[in-house]
Amino acid sequence: MDYNFKEIEKKWQAYWAENQTFKTEIDPSKPKYYVLDMFPYPSGAGLHVGHPLGYIASDIYSRYKRLKGFQVLHPMGYDAFGLPAEQYAIQTGQHPEVTTTNNINRYRSQMDRIGFSYDWDREVRTCDPGYYKWTQWAFLKMFGSWYDRSAGKARPIEELVQAFERGGSRAADAACSEDMAFSAKQWKAYSDREKSDVLMNYRIAYQGETAVNWCADLGTVLANDEVKDGLSVRGGFPVEQKKMKQWQLRVSAYAGRLLDGLDKIDWTDSLKEIQRNWIGRSEGAEVVFKCWNGVTEHDVTIFTTRVDTIFGVTFMVLAPESDLVDILTAPECKAEVEAYLAYVRKKTERERIAETKTVTGVFSGSYGINPFTGEKVPIWISEYVLAGYGTGAIMAVPAHDSRDYAFARKFGLPVVPIIEGCDVSQESFDAKEGRMCNSGFLNGLEVKEAIPAAIDYVEKEGLGRRKVNYRLRDAIFSRQRYWGEPFPIYHKDGIPTPVAFEDLPLRLPEIDAFKPTESGEPPLARAKNWTYRGYPLETSTMPGFAGSSAYYLRYMDPHNEQALVSKEANAYWRDVDLYIGGTEHATGHLIYSRFWNKFLYDLGYVCEDEPFRKLINQGMIQGRSSFVYRVVGTNRFVSLGLKDQYETTEIHVDINLVRNDRLDLAGFKASRPEYADAEFILENGEYVCGWAVEKMSKSMFNVVNPDKICDDYGADTLRLYEMFLGPLEQSKPWDTQGIDGVHRFLRKFWRLFYEDGTLSVSEEKASRAELKVLHKLIGKEQADIEAFSFNTTVSAFMIAVNELGELRCRKREILEPMTVLLSPFAPHIAEELWRALGHTESITYARFPEFDPALAAEDTVTYPVSFNGKMRFTIDLPKSLAAAEVESSIRALDQTARYTEGKQVVKVIVVPGKIVNFVLK
RNA sequence: GCUCUGGUGGUGGAAUGGUGGACACGAGGGACUUAAAAUCCCUUGGGCAGGAAUGCCUGUACGAGUUCGAGUCUCGUCCGGAGCACCA
């Protein structure tokens with residue numbers, strides 16, 4: 001029998017499915033291990049070879065852990081709500097559910113061919129009502145909770161109400177959108193409507209008016225991580241800042257915990273760093289400046305990390321969007337300020353980013369009093385101060401902040417240096433070093449001493465307080481779209497009220513068209529009877545990240561109708577031990593999921609504070625595009641080596657028409673009508689194509705479909721080759737050329753068992769040399785898999801199989817464990833050979849072979865050697881060496897060893913093949 | 001600007017501080033074959049010497065340093081990739 005991968009793979013895939021080989025239940029007798037892939041968004045294009053890279057790695061690890069005796073949870077599902085399906089629906093009128101289901105089926109059939117060991121009974125789809133019931137449930141829990149800063153956790157909103165009744169707003173230290181002050185008496189006097197408004201200020205899921213990213217082309221608001229360089233990540237449409245009332249999640253309350261939690265988890269430094277940047281902690285103080293607009297007095301609180309520079313303040317600046325602008329604009333400046341605000345409002349986010357170098361601003365006509373010096377400084381308004389960070393107002397120290405410096409120079413404001421000896425004639429001195437001067441009681445201190453001294457003074461004198469600020473904002477949670485989870489909220493006389501738990505899931509209604517209404521309301525407003533208990537339901541839907549934030553918990557107990565996850569299932573599976581996925585989710589999903597999990601942890605629904613213990617980011621697989629060169633103005637194409645002799649245009653050519661960079665001329669002519677009569681200028685009778693590494697995409701004609709690889713080489717070859725390409729975490733181009741080597745390896749492996757088509761495995765005892773090959777491999781594979789170095793493991797396999805081939809080893813004692821070792825990587829061929837050896841149970845239930853280091857090691861003897869009468873070595877020589885060879889090896893060492901002592905260089909080189917190791921004493 | 005990464009043959013990539021380039025692709029040569037496919041063998045960083053076995057020099061972006069010994073550790077420079085960015 002030959003290695004017929006098609007038959008073998010079909011047979012075992014059917015067998016595994018039929019016998020539910022990978023069905024996983026709680027088994028307290030075994031340690032658990034949870035391996036998770038970031039579930040895919042099923043796009044219409046299907047999978048290309050880049051997508052399964054991470055899935056293959058996680059599958060290998062899962063299978064390895066099973067062989068090691070772990071109970072492994074390894075599920076898969078679909079992130080099925082989202083914009084692309086809906087955009088497609090708007091264009092074609094086809095229901096997003098139909099396209100989504102079709103895409104999911106396509107994904108499933110593609111994944112099934114690769115031989116993954118998923119427990120498909122646990123599949124989840126975020127658009128399934130049975131699933132989004134729990135997304136809605138979690139939202140309601142957040143709606144019904146507040147964040148207690150003194151306890152450092154979320155608590156039920158009823159407890160906050162009790163606190164307010166007891167002692168008003170002072171009775172609780174609650175995270176909020178804006179500071180409020182009211183007494184218990186006032187609280188009790190509030191109407192229901194007023195109470196609702198006040199509580200909204202504290203809820204973890206809340207509706208509030210803030211500046212949001214509005215994308216007119218998509219007709220929806222977007223979260224910060226869905227916007228890049230002023231364009232929407234999906235679709236690339238312009239985004240503008242707009243003040244709107246939106247549902248939001250109080251992620252900012254968790255900023256400190258999200259930051260600290262990073263120290264406890266095993267993620268790459270670079271990914272942790274991305275999250276740290278995104279959270280953006282900075283330590284400083286809030287300081288209150290008394291301000292005067294010519295008519296009334298008003299306090300302005302500013303945030304600064306450099307209180308020490310306060311003696312250098314020469315002006316203050318407000319963000320144009322700040323509420324303070326209205327209050328602090330002096331009557332005589334009103335016209336100019338209005339004009340400036342209009343100018344700022346007109347700018348798109350993109351223009352603002354592009355023009356950060358241009359300095360603009362306007363004087364408000366008001367003045368503030370420096371609380372340290374009593375000095376009067378002018379208040380300006382400028383777009384370089386952001387409304388959303390800190391308090392939207394700053395103290396400007398032009399001598400020691402480059403942005404303030406640029407502003408001062410442009411508008412002729414004074415620059416007062418307060419660090420000894422610094423030169424601020426050309427630029428500001430931003431460094432946190434030097435000795436203070438012109439700074440009253442801070443004079444003579446080093447900057448590092450001055451900062452805490454100044455903060456202490458602020459607190460002691462009651463001028464403000466110590467404050468840690470975060471860049472992380474609350475997540476905007478509503479979308480004016482159809483294809484998402486409906487909010488389980490109805491508006492009862494203007495009061496947002498939760499839908500009762502028994503009525504969840506609140507199903508997505510059918511509507512006649514998937515676009516906004518004529519009056520600009522979200523699509524759900526089209527639904528007939530979109531009401532609850534006679535009141536209108538919320539018409540926004542939840543964003544994509546809602547459904548993906550807790551899916552790893554649902555896999556633990558996917559059919560539970562009473563809870564997101566039962567206590568029992570959660571107590572067993574706890575958290576994800578290994579999570580594999582792309583870095584692109586660093587500031588989105590991976591922040592939201594951690595937040596979501598911490599929230600559920602606070603309320604006691606889950607038992608782990610961090611959801612993902614270890615995280616690996618697989619690199620992207622890029623495409624390797626091919627090019628032909630058309631001579632300008634003709635239909636002649638010139639080969640790569642000769643193209644410099646002509647003026648040419650570079651044209652992408654379908655990589656299916658290219659092999660070894662040589663173009664299939666007939667295929668090329670047939671590919672498009674305009675190429676039918678193409679002529680070629682060849683070199684050595686061939687057309688050589690150029691190439692480049694680019695993103696894998698249809699428009700570059702470089703997409704490689706895994707189905708095609710499975711057809712031509714088999715799933716086992718695909719799996720091995722994807723691992724063989726290079727380190728998992730690195731991005732690398734797909735190059736189909738190298739795949740033959742891996743396929744050849746599998747055939748060689750097959751031929752160790754089969755000779756001339758018949759199984760010929762002997763029961764003879766293995767030799768020392770054969771055992772060495774086996775145990776070297778066991779040791780290597782174990783260490784490499786634990787280190788996720790799969791490419792070197794594949795190489796080690798190739799070496800072992802070559803060595804066994806040379807030894808003509810056909811012994812069961814060696815070959816049987818070899819199939820087990822190979823099974824995580826190439827499960828189909830391993831299963832086939834395992835059965836051929838007479839086993840009746842799947843190789844999945846085999847045990848990973850025991851590693852014996854003594855058998856793997858070189859059989860050596862250690863000899864002491866002295867060199868030059870001074871240096872003493874030990875050298876290890878193969879035991880098999882004859883006495884004469886030992887002597888000559890030692891002598892060779894003596895002559896060629898390289899040892900540098902003082903200035904005298906003596907050469908010492910170890911003779912290859914003779915000396916295994918030498919150790920300097 | 002700040003932070004994180006990385007830089008090794010024609011290509012993908014190997015190397016607990018200890019023979020640099022494993023393994024594989026590609027290329028060249030050869031065997032088998034009527035032929036092709038498949039399979040197998042040899043050569044393959046660069047340079048020099050030799051009829052040959054082989055020997056010598058040089059080589060991990062660049063420059064210093066630590067070390068008996070550096071692709072690996074330290075500092076500086078250059079060049080990629082990624083993230084954040086008027087965040088006070």
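Below, each value reflects all heavy atoms present in this structure, side chains not excepted, and no hydrogens, waters or symmetry copies.
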Q) Taking the chi torsion of B/G9, is it syn (within 90° of 0) or anti (everything else)? A) syn
So what does [X] hit on the nucleic acid, given a heavy-atom distance under 4.0 Å: a base, only sugar-phosphate, or nothing?
| X | result |
| --- | --- |
| A/Ile394 | base |
| A/Arg751 | sugar-phosphate |
| A/Pro733 | nothing |
| A/Asn469 | nothing |
| A/Lys780 | nothing |
| A/Arg747 | sugar-phosphate |
| A/Asp404 | nothing |

What interatomic distance, in whole Å, is found between [atom1] of [M] and the corresponding atom of [N]?
| N | M | atom1 | answer |
| --- | --- | --- | --- |
| B/A37 | B/G28 | P | 14 Å |
| B/C32 | B/C41 | P | 16 Å |
| B/G10 | B/A36 | C1' | 28 Å |
| B/A70 | B/G12 | C1' | 25 Å |
| B/G7 | B/U60 | P | 14 Å |
| B/G71 | B/G9 | P | 14 Å |
| B/A27 | B/U33 | P | 25 Å |
| B/U77 | B/A82 | P | 23 Å |

(Q) By the side-chain hydrogen bond (donor to acceptor under 3.5 Å, both in side chains) test, which pairs, at least two apart or in different chains, include something from residues 736-746 of chain A? (A) A/Tyr713-A/Asp740, A/Thr717-A/His743, A/Trp734-A/Thr736, A/His743-A/Arg747
Can you tell me how far [atom2] of [N] sits from [atom1] of [X], to the nearest Å?
| X | N | atom1 | atom2 | value |
| --- | --- | --- | --- | --- |
| A/Glu273 | B/G6 | CD | C1' | 16 Å |
| A/Tyr721 | B/U11 | OH | C1' | 10 Å |
| A/Asp269 | B/C84 | CG | P | 18 Å |
| A/Ile591 | B/C84 | CD1 | P | 11 Å |
| A/Trp734 | B/G12 | CH2 | P | 16 Å |

Taking only N and O in the side chain of [X], is any of them less than 4.0 Å away from OP1 or OP2 of [N]?
| X | N | answer |
| --- | --- | --- |
| A/Thr583 | B/G83 | no |
| A/Arg471 | B/A85 | yes |
| A/Gln737 | B/U11 | no |
| A/Tyr384 | B/A88 | no |
| A/Asn791 | B/A22 | no |
| A/Arg744 | B/C25 | yes |

Under a plain distance cut-off of 3.5 Å, with no hydrogens placed, do [Y] and [X] share a side-chain donor-acceptor pair?
| X | Y | value |
| --- | --- | --- |
| A/Asn617 | A/Thr583 | no |
| A/Asp784 | A/Ser789 | no |
| A/Ser252 | A/Asp474 | yes |
| A/Glu383 | A/Thr360 | yes |

Q: In sequence, state the C-alpha distance, the side-chain angles, and the governing distance for A/Asp404 and A/Tyr384, and then conclude on side chain to side chain donor-acceptor pair (under 3.5 Å).
A: CA-CA 9 Å; A/Asp404 297 344; A/Tyr384 86 86; 2.6 Å; yes
Q) A/Arg465 and A/Val458: which non-hydrogen atoms are nearest, and at how many Å? A) N-CG1, 3.8 Å
Q. So, for A/Met395 and A/Val307, which heavy atoms are closest and what is the spacing to 0.1 Å?
A. CE-CA, 4.4 Å
Q. When you look at A/Leu328 and A/Ile381, which way does the side-chain contact (heavy atoms from CB on, under 4.5 Å) test go after all the steps?
A. CA-CA 10 Å; A/Leu328 291 174; A/Ile381 298 161; over 6 Å; no
Q | Contiguous pairing runs of three or more, Watson-Crick or G-U under 3.5 Å, that involve RNA chain B | A | B:1-7 with B:78-84, B:10-12 with B:23-25, B:26-31 with B:39-44, B:45-49 with B:54-58, B:61-65 with B:73-77
Q: Output the single nucleotide from B/C84, B/C23, B/C86 whose closest atom is nearest the side chain of A/Leu386.
A: B/C86
